[in-house]
Amino acid sequence: MREFPFELTLCAHLEATTDHLVARQIGGGVRAPSNRIIDVLCVEPGPAFDARTKLTDERIPDAAIESEVGVGRARYWRSAFDTSPEYAREVVDRAVDIGFFDRERRGGREYVRQVARYPDWFGRLVGIENKPDLGEPGDLQIQLRKDVSLALVDEVVLATESYVTRAHLNRIPEEVGVWRFDDGALEIVREPTSLESDDAGTELVEEHAGRTDVRVVSAEEKARRRRRMAERAYGKGWRTYEFPACAEIESQDGSLPYCRWKERVVNPARCGADCPGCDPADPPDIDLDAERDSRTRWVADPAGRTRRQAGLDRFERDS
């Protein structure tokens with residue numbers, strides 16, 4: 001199976017068989033987040049998960065969470081942030097738009113407060129690297145060693161469709177768990193070892209000929225990044241695609257884009273007029289947020305707010 005359909009099918013399976021929040025393509029670095037993108041991130045709900053669902057269905061900006069805006073007394077917006085006025089303004093507007101801040105005016109000044117205290121809503125994080133075909137491993141070993149060395153997630157898993165041999169297992173870090181996922185069935189080949197996510201870690205920042213640059217990442221930096229990853233996963237999920245405008249496409253198993261002509265799940269980005277099976281038509285009328293809402297503990301529009309308004313997507317693009 002191609003990597004994109006494999007990834008979507010695995011996400012649908014994990015969503016259906018666990019209570020984890022499942023998301024795709026989440027930045028997995030600290031000093032250089034874009035240097036490592038985690039294919040699938042599973043977020044274990046914490047004791048206050050339901051309190052998080054009542055706040056907003058969107059990602060809450062990290063700067064809003066760490067600001068001096070609290071739930072008690074309203075504060076003048078500018079004095080609550082240790083950052084530039086321009087960025088503080090963006091954060092405040094975003095936090096108000098998604099329902100995390102309330103604002104009021106007093107004597108020509110704007111004051112803000114949190115609508116509710118930010119909860120301790122997530123537990124363990126599991127990072128999954130997808131490699132359907134182990135015969136074409138690419139940079140698999142390096143990627144997995146980065147994850148284990150940094151220990152930003154609590155467990156690292158390799159998911160594959162290939163038959164896993166002893167030689168395969170010997171080529172990847174022993175801390176990495178291995179799943180074989182084939183035809184909708186998941187076999188645990190090797191259990192992952194829990195990583196020291198609460199301690200400092202070592203991050204591979206850049207590679208040069210003959211040397212590798214690494215940085216020590218403190219436990220505090222990791223904790224902050226873990227929260228950002230969890231928030232990103234909460235707002236993003238794994239259904240980050242649109243259905244193609246083709247009569248051959250239908251929704252299966254939790255909104256997977258299934259092509260009847262190809263008889264498999266497809267990558268919508270690669271569908272188009274150049275496909276010999278293309279039958280132009282309106283795309284299927286699928287509400288992806290409603291699908292997620294009906295299948296998980298995530299709640300769409302908890303207060304009936306309009307989602308993702310134009311011009312306020314800055315924080316959605318940040319990995």
Side-chain angles (χ1 to χ4, degrees), residues 19-53 55-56 58-71 80-83 87-88 91 94-95 98 100-101 114 116-129 143-157 173 175-177 192-205 214-237 298 315-316 318-319:
D19 67 348
H20 293 177
L21 193 74
V22 182
R24 299 176 45 249
Q25 302 297 300
I26 302 295
V30 178
R31 303 291 178 84
S34 61
N35 279 3
R36 181 70 181 108
I37 302 298
I38 295 175
D39 289 337
V40 176
L41 182 70
C42 291
V43 183
E44 179 183 276
F49 184 85
D50 289 341
R52 175 64 183 84
T53 68
L55 284 177
T56 174
E58 300 276 8
R59 172 190 173 187
I60 301 174
D62 196 58
I65 297 170
E66 293 192 341
S67 71
E68 295 184 23
V69 178
V71 296
F81 292 85
D82 184 21
T83 184
Y87 184 64
V91 173
R94 180 60 178 164
I98 64 176
F100 185 56
F101 284 178
Q114 288 184 22
R117 194 176 305 280
Y118 184 78
D120 181 17
W121 66 270
F122 67 92
R124 294 168 62 81
L125 305 181
V126 178
I128 302 172
E129 176 69 17
Q143 291 169 338
L144 295 175
R145 291 190 185 283
K146 284 182 181 180
D147 296 339
V148 171
S149 176
L150 180 57
L152 193 57
V153 295
D154 298 282
E155 294 178 353
V156 178
V157 171
E175 297 90 344
V176 176
T193 299
S194 293
L195 304 177
E196 299 295 334
S197 59
D198 292 335
D199 294 342
T202 303
E203 181 173 17
L204 190 158
V205 176
V214 298
R215 299 288 187 276
V216 174
V217 178
S218 69
E220 292 76 16
E221 290 174 301
K222 285 173 58 175
R224 181 182 180 190
R225 186 63 199 175
R226 282 167 58 84
R227 185 182 65 215
R228 294 187 70 175
M229 291 168 64
E231 276 294 331
R232 178 64 167 160
Y234 191 92
K236 184 178 183 182
W298 177 84
F315 299 98
E316 293 302 312
D318 179 17
S319 294

Exercise. Between V156 and L144, is a side-chain contact (heavy atoms from CB on, under 4.5 Å) present by the stated rule, with each step listed?
Worked result: CA-CA 8 Å; V156 178; L144 295 175; 3.9 Å; yes
Quick check: closest heavy atoms across [X] and [Y], and the distance to 0.1 Å?
X    : Y    : result
Y87  : A63  : CE2-CB, 3.9 Å
V216 : R31  : O-NH2, 3.0 Å
R227 : F122 : CA-CZ, 3.6 Å

For this session: Apply side-chain contact (heavy atoms from CB on, under 4.5 Å) to the pair L195 and S197, showing each step before the final yes or no.
Result: CA-CA 6 Å; L195 304 177; S197 59; 5.5 Å; no
For this session: Using the salt bridge (charged side-chain N to carboxylate O under 4.0 Å, His left out) rule, pick out the option among D62, D154, D198 that qualifies with R226.
Result: D154
Rounded at 0.5 Å granularity, tell me how far [atom1] in [X] sits from [atom2] in [Y].
X    : Y    : atom1 : atom2 : value
D147 : L152 : CG    : CG    : 8.5 Å
R94  : F101 : CZ    : CZ    : 12.5 Å
R228 : R59  : CZ    : CZ    : 5.5 Å
R232 : I38  : CZ    : CD1   : 13.0 Å
I26  : C42  : CD1   : SG    : 11.0 Å
T56  : F100 : OG1   : CZ    : 10.0 Å

Exercise. Hey, is the main chain of Q25 close enough, under 3.5 Å, to the side chain of K236 for a donor-acceptor pair?
Worked result: yes
Problem set entry | Other residues, nucleotides, ligands: >12 heavy atoms within 6.0 Å of D19 CG | yes
Exercise. Between R145 and V148, is a side-chain contact (heavy atoms from CB on, under 4.5 Å) present by the stated rule, with each step listed?
Worked result: CA-CA 5 Å; R145 291 190 185 283; V148 171; 5.8 Å; no
Quick check: do [X] and [Y] have side-chain heavy atoms less than 4.5 Å from each other?
X    : Y    : result
I60  : I98  : yes
S67  : D82  : no
V176 : V157 : no
E203 : E221 : no
H20  : P45  : yes
I65  : E231 : yes

Exercise. In terms of the angle between their ring planes, are Y234 and W121 parallel, tilted or perpendicular, with boundaries placed at 30° and 60°?
Worked result: perpendicular
Does this structure show an ion pair linking [X] with [Y], if we count only N-O contacts that are shorter than 4.0 Å?
X    : Y    : value
E196 : K222 : no
E155 : R124 : yes
R224 : E66  : yes
D39  : R24  : no

Exercise. Picking from V126, V22, L21, V153, what satisfies side-chain contact (heavy atoms from CB on, under 4.5 Å) with L41?
Worked result: V153
For this session: For the pair E129 and R36, evaluate salt bridge (charged side-chain N to carboxylate O under 4.0 Å, His left out) and give the outcome as yes or no after the intermediate values.
Result: CA-CA 11 Å; E129 176 69 17; R36 181 70 181 108; 2.8 Å; yes
